[in-house]
Novice: 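Structure provided below as structure tokens; questions to follow.
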There are 2 protein chains.
Amino acid sequence: MVKKNDNRDFSQIPRVVIKRLFKYHSALENLLSKGTVKVSSKSLSADVHVKASQLRKDLAYCGEFGTRGKGYDVKYLNGKLAEILGLHTEWNYILAGFGHVGHAFVCYEGIFRKGFNVKGIFDIDEKKIGQVFRGIEICDISKMPEIVREHNVQIGVITVPFDSGQSVCDKMIEAGITAILNFAPVLLKPKKSIFIERIDISRELVTLSHYLSHHKE
Amino acid sequence: MVKKNDNRDFSQIPRVVIKRLFKYHSALENLLSKGTVKVSSKSLSADVHVKASQLRKDLAYCGEFGTRGKGYDVKYLNGKLAEILGLHTEWNYILAGFGHVGHAFVCYEGIFRKGFNVKGIFDIDEKKIGQVFRGIEICDISKMPEIVREHNVQIGVITVPFDSGQSVCDKMIEAGITAILNFAPVLLKPKKSIFIERIDISRELVTLSHYLSHHKE
DNA sequence: ACGTGATTGTGATAAAATTAACAAGCTATT
DNA sequence: AATAGCTTGTTAATTTTATCACAATCACGT
């Protein structure tokens with residue numbers, strides 16, 4: 001089953017589309033585990049609450065993966081999406097700030113299952129430094145460059161509180177990190193152009209309070 | 001300082017705008033703590049990395065808060081935004097699933113500081129039930145309706161793993177919850193129309209792996 | 001091999017969000 | 001009080017995103 005999927009520039013796909021591609025991927029994994037072989041854009045899109053036309057438009061960014069009149073091969077499409085999403089490889093990450101959030105992140109099953117492996121944990125707390133968690137020694141941040149180099153780490157996860165986020169970001173970039181996931185409540189200003197994704201728990205909560213305040217009845 | 005801000009329907013403001021309003025609010029809090037009294041759209045928007053015209057456009061959804069030629073009164077605008085975002089009141093929430101993520105959530109300082117108070121924690125683990133955490137007894141889910149009623153709880157936070165998310169969602173709605181923050185890796189299908197916000201850590205990570213895969217150099 | 005029913009891929013259209021542009025209005029200064 | 005200098009609020013233009021609509025294509029039964 002050869003498809004024209006040649007020489008496409010996946011780097012130009014909008015972020016919104018990437019996020020939906022991941023939804024499709026998750027839904028496909030689900031179908032796969034149930035042994036489903038074929039799926040139509042109509043049925044798959046319904047699973048993730050988007051319009052079928054949008055699903056097809058999204059896939060059009062990447063190539064042609066279906067057969068008209070029939071639908072998509074679940075396994076094939078899933079594999080292709082995994083490739084586009086970079087889930088066909090393993091990735092290494094380091095984490096800075098081993099508090100509650102950092103701890104929860106490292107323990108999060110889904111992350112490990114998707115091929116993201118922790119290679120370094122950093123904290124400023126003297127009491128934590130030297131402890132070993134799941135085979136990883138908690139280190140002082142000064143060891144970051146060494147660990148990043150030795151383990152070929154690409155991703156940095158920032159789970160420090162408040163303002164120390166920026167200095168951690170700087171150190172990560174210096175160490176050679178090129179993509180950051182930031183849980184700290186600060187807007188990072190990277191010295192070099194790298195990719196940053198942010199998760200701000202407060203922000204999501206606040207959309208709830210806005211809703212509750214203004215949608216009475 | 002009276003402004004025309006009358007009878008606006010804040011419920012029609014798009015979600016993207018709400019999220020940015022929160023950014024402005026955070027930046028203003030910051031300015032406030034530094035004692036800044038006045039700020040221009042240019043300077044405030046730079047703080048949060050958006051265009052000045054967008055900031056003004058966003059504010060236009062809500063009313064008129066500035067004075068031409070001068071700028072915005074930091075304290076006044078901050079108060080107004082807090083009102084629009086529903087941060088002028090206290091909110092009560094319950095949390096289901098007291099694992100790593102649930103634990104991290106309850107301990108998260110920023111949430112408490114913004115006026116969100118935990119009133120109930122639920123888990124299915126027999127060993128956890130009965131334990132008291134920060135004055136809250138961990139209960140079986142059967143006690144949910146009672147606790148929601150007694151403490152006037154509006155918000156439900158779901159931090160259970162995998163598929164149990166849906167049944168927890170159903171129970172929350174039954175108990176009277178009208179807004180849910182979902183950390184579980186499932187797309188919730190609420191029986192009644194309520195407000196749901198989702199945080200999917202995997203999804204954000206995957207945008208990083210996509211970036212790393214396709215933006216080499 | 002031909003027609004039928006189904007479903008994709010895509011060009012056209014519509015809607016939403018962002019950016020630009022500028023008139024209206026305030027402040028300060030002379 | 002008139003002018004100059006800013007900055008807002010708002011309309012218009014642009015860009016991005018989502019939806020529609022349908023021709024192209026395939027599978028399958030006859």
Side-chain angles (χ1 to χ4, degrees), chain A residues 1-6 8-9 11-24 28 31 36-74 76-78 80-81 84 207, chain B residues 1-6 8-9 11-24 28 31 36-74 76-78 80-81 84 207:
Chain A
M1 194 192 286
V2 181
K3 292 281 171 185
K4 61 167 171 177
N5 167 22
D6 26 274
R8 283 190 187 255
D9 188 359
S11 69
Q12 296 309 306
I13 304 173
R15 252 189 233 204
V16 259
V17 175
I18 294 296
K19 305 235 160 140
R20 278 195 303 266
L21 292 182
F22 177 65
K23 287 189 185 182
Y24 309 146
L28 287 167
L31 290 176
T36 312
V37 174
K38 284 276 177 188
V39 70
S40 70
S41 64
K42 193 177 169 189
S43 140
L44 180 57
S45 65
D47 286 354
V48 299
H49 290 192
V50 307
K51 293 262 183 346
S53 56
Q54 177 149 76
L55 163 56
R56 295 201 300 274
K57 223 353 164 355
D58 288 344
L59 294 182
Y61 277 100
C62 314
E64 295 181 18
F65 305 116
T67 52
R68 300 181 185 208
K70 196 91 184 278
Y72 302 92
D73 181 281
V74 173
Y76 177 77
L77 181 57
N78 192 45
K80 280 297 178 185
L81 287 183
I84 293 157
T207 64
Chain B
M1 192 192 289
V2 181
K3 290 282 171 185
K4 59 166 169 176
N5 168 21
D6 26 273
R8 284 193 186 250
D9 187 0
S11 69
Q12 296 309 306
I13 304 173
R15 250 188 233 205
V16 258
V17 174
I18 295 296
K19 304 233 161 141
R20 279 197 301 269
L21 291 181
F22 177 66
K23 287 189 185 183
Y24 307 146
L28 286 166
L31 289 176
T36 313
V37 174
K38 285 277 177 187
V39 70
S40 70
S41 63
K42 192 176 168 188
S43 140
L44 179 57
S45 64
D47 286 353
V48 299
H49 291 192
V50 306
K51 294 263 185 341
S53 56
Q54 177 148 77
L55 162 56
R56 296 202 299 274
K57 195 80 200 262
D58 289 343
L59 293 181
Y61 277 101
C62 315
E64 296 181 19
F65 306 116
T67 52
R68 301 181 182 206
K70 195 94 184 275
Y72 302 93
D73 182 280
V74 173
Y76 176 78
L77 180 57
N78 191 44
K80 281 296 179 185
L81 287 183
I84 292 158
T207 63

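Chain A is the first sequence line, chain B the second, and so forth, proteins listed ahead of strands; every chain is numbered from 1.
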Novice: Please report the distance, rounded to the nearest Å, between CG in A/D58 and P in C/dT10.
Specialist: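 Checked: the CG to P distance equals 14 Å.
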Novice: Take A/V39 and B/Q54, find for each the nucleotide of DNA chain C with the closest heavy atom, and name the residue whose nucleotide sits nearer the 5' end.
Specialist: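 Whichever sits nearer the 5' end wins; that is A/V39.
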Novice: Side chains of A/D73 and A/K38, heavy atoms from C-beta outward: is any pair under 4.5 Å?
Specialist: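 In short, these two side chains touch, coming nearer than 4.5 Å.
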Novice: Going by heavy atoms in the side chains, are B/V50 and B/Y24 under 4.5 Å from each other?
Specialist: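 A side-chain contact exists here, since the closest heavy-atom pair is under 4.5 Å.
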Novice: Separation of B/F65 atom CZ from D/dT7 atom C1', in whole Å?
Specialist: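 That distance rounds to 17 Å.
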Novice: Select base, sugar-phosphate, or nothing to describe what A/S53 touches, counting heavy atoms under 4.0 Å on all strands.
Specialist: base
Novice: Given C/dA12, C/dT18, D/dT8, identify the nucleotide with an atom nearest to the side chain of B/K57.
Specialist: C/dT18
Novice: Classify the side chain of A/R68 and the base of C/dG9 as holding, or not holding, a donor-acceptor pair under 3.5 Å.
Specialist: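 Side chain to base: no pair below 3.5 Å.
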Novice: Pick the closest DNA chain C nucleotide for A/K70 and for A/A60 by heavy atoms, then say which residue is nearer the 5' end.
Specialist: A/K70
Novice: Using whole Å, what does the distance between atom P of nucleotide D/dT7 and atom CG of B/D73 come to?
Specialist: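 Going from CG in B/D73 over to P in D/dT7 covers 16 Å.
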Novice: What integer distance in Å separates A/L55:CG from C/dT7:C1'?
Specialist: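 Distance check: A/L55 CG to C/dT7 C1' gives 12 Å.
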Novice: Are A/L77 and A/L44 packed together at the side-chain level, in the sense that at least one heavy-atom pair is separated by less than 4.5 angstrom?
Specialist: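 Contact flag for A/L77/A/L44 side chains = yes.
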Novice: Kindly point out which of D/dA18, C/dA17, C/dA20 is positioned nearest to the side chain of A/V16?
Specialist: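 Output: D/dA18.
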Novice: Round to a whole Å and report the spacing from NZ of B/K80 to P of D/dG9.
Specialist: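 So the two atoms are 13 Å apart, to the nearest Å.
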Novice: Can you measure B/L77 atom CG to D/dT7 atom P for me and round it to whole angstrom units?
Specialist: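 Result: 16 Å.
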Novice: Less than 4.0 angstrom between a side-chain N/O of A/R20 and OP1 or OP2 of D/dT17, yes or no?
Specialist: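 Indeed not, no polar side-chain atom of A/R20 lies that close.
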Novice: A/R56 side chain: which of C/dT10, D/dC28, D/dA18 is closest?
Specialist: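 Minimum distance to the A/R56 side chain belongs to C/dT10.
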Novice: Nearest whole angstrom, please: distance from the C1' of C/dA15 to the NZ of A/K51.
Specialist: 12 Å
Novice: Can you tell me how far the CG atom of A/D47 sits from the NE2 atom of A/H49, to the nearest 0.5 Å?
Specialist: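 Here the rounded value is 8.0 Å.
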Novice: Is any side-chain heavy atom of A/L59 closer than 4.5 Å to a side-chain heavy atom of A/L21?
Specialist: yes
Novice: Would you kindly give the CG-to-P distance between A/L44 and C/dG9, to the nearest whole Å?
Specialist: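 To the nearest whole Å, that distance equals 12 Å.
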Novice: Return no unless some side-chain N or O of A/Y61 is found under 4.0 Å from OP1 or OP2 of C/dG9.
Specialist: no
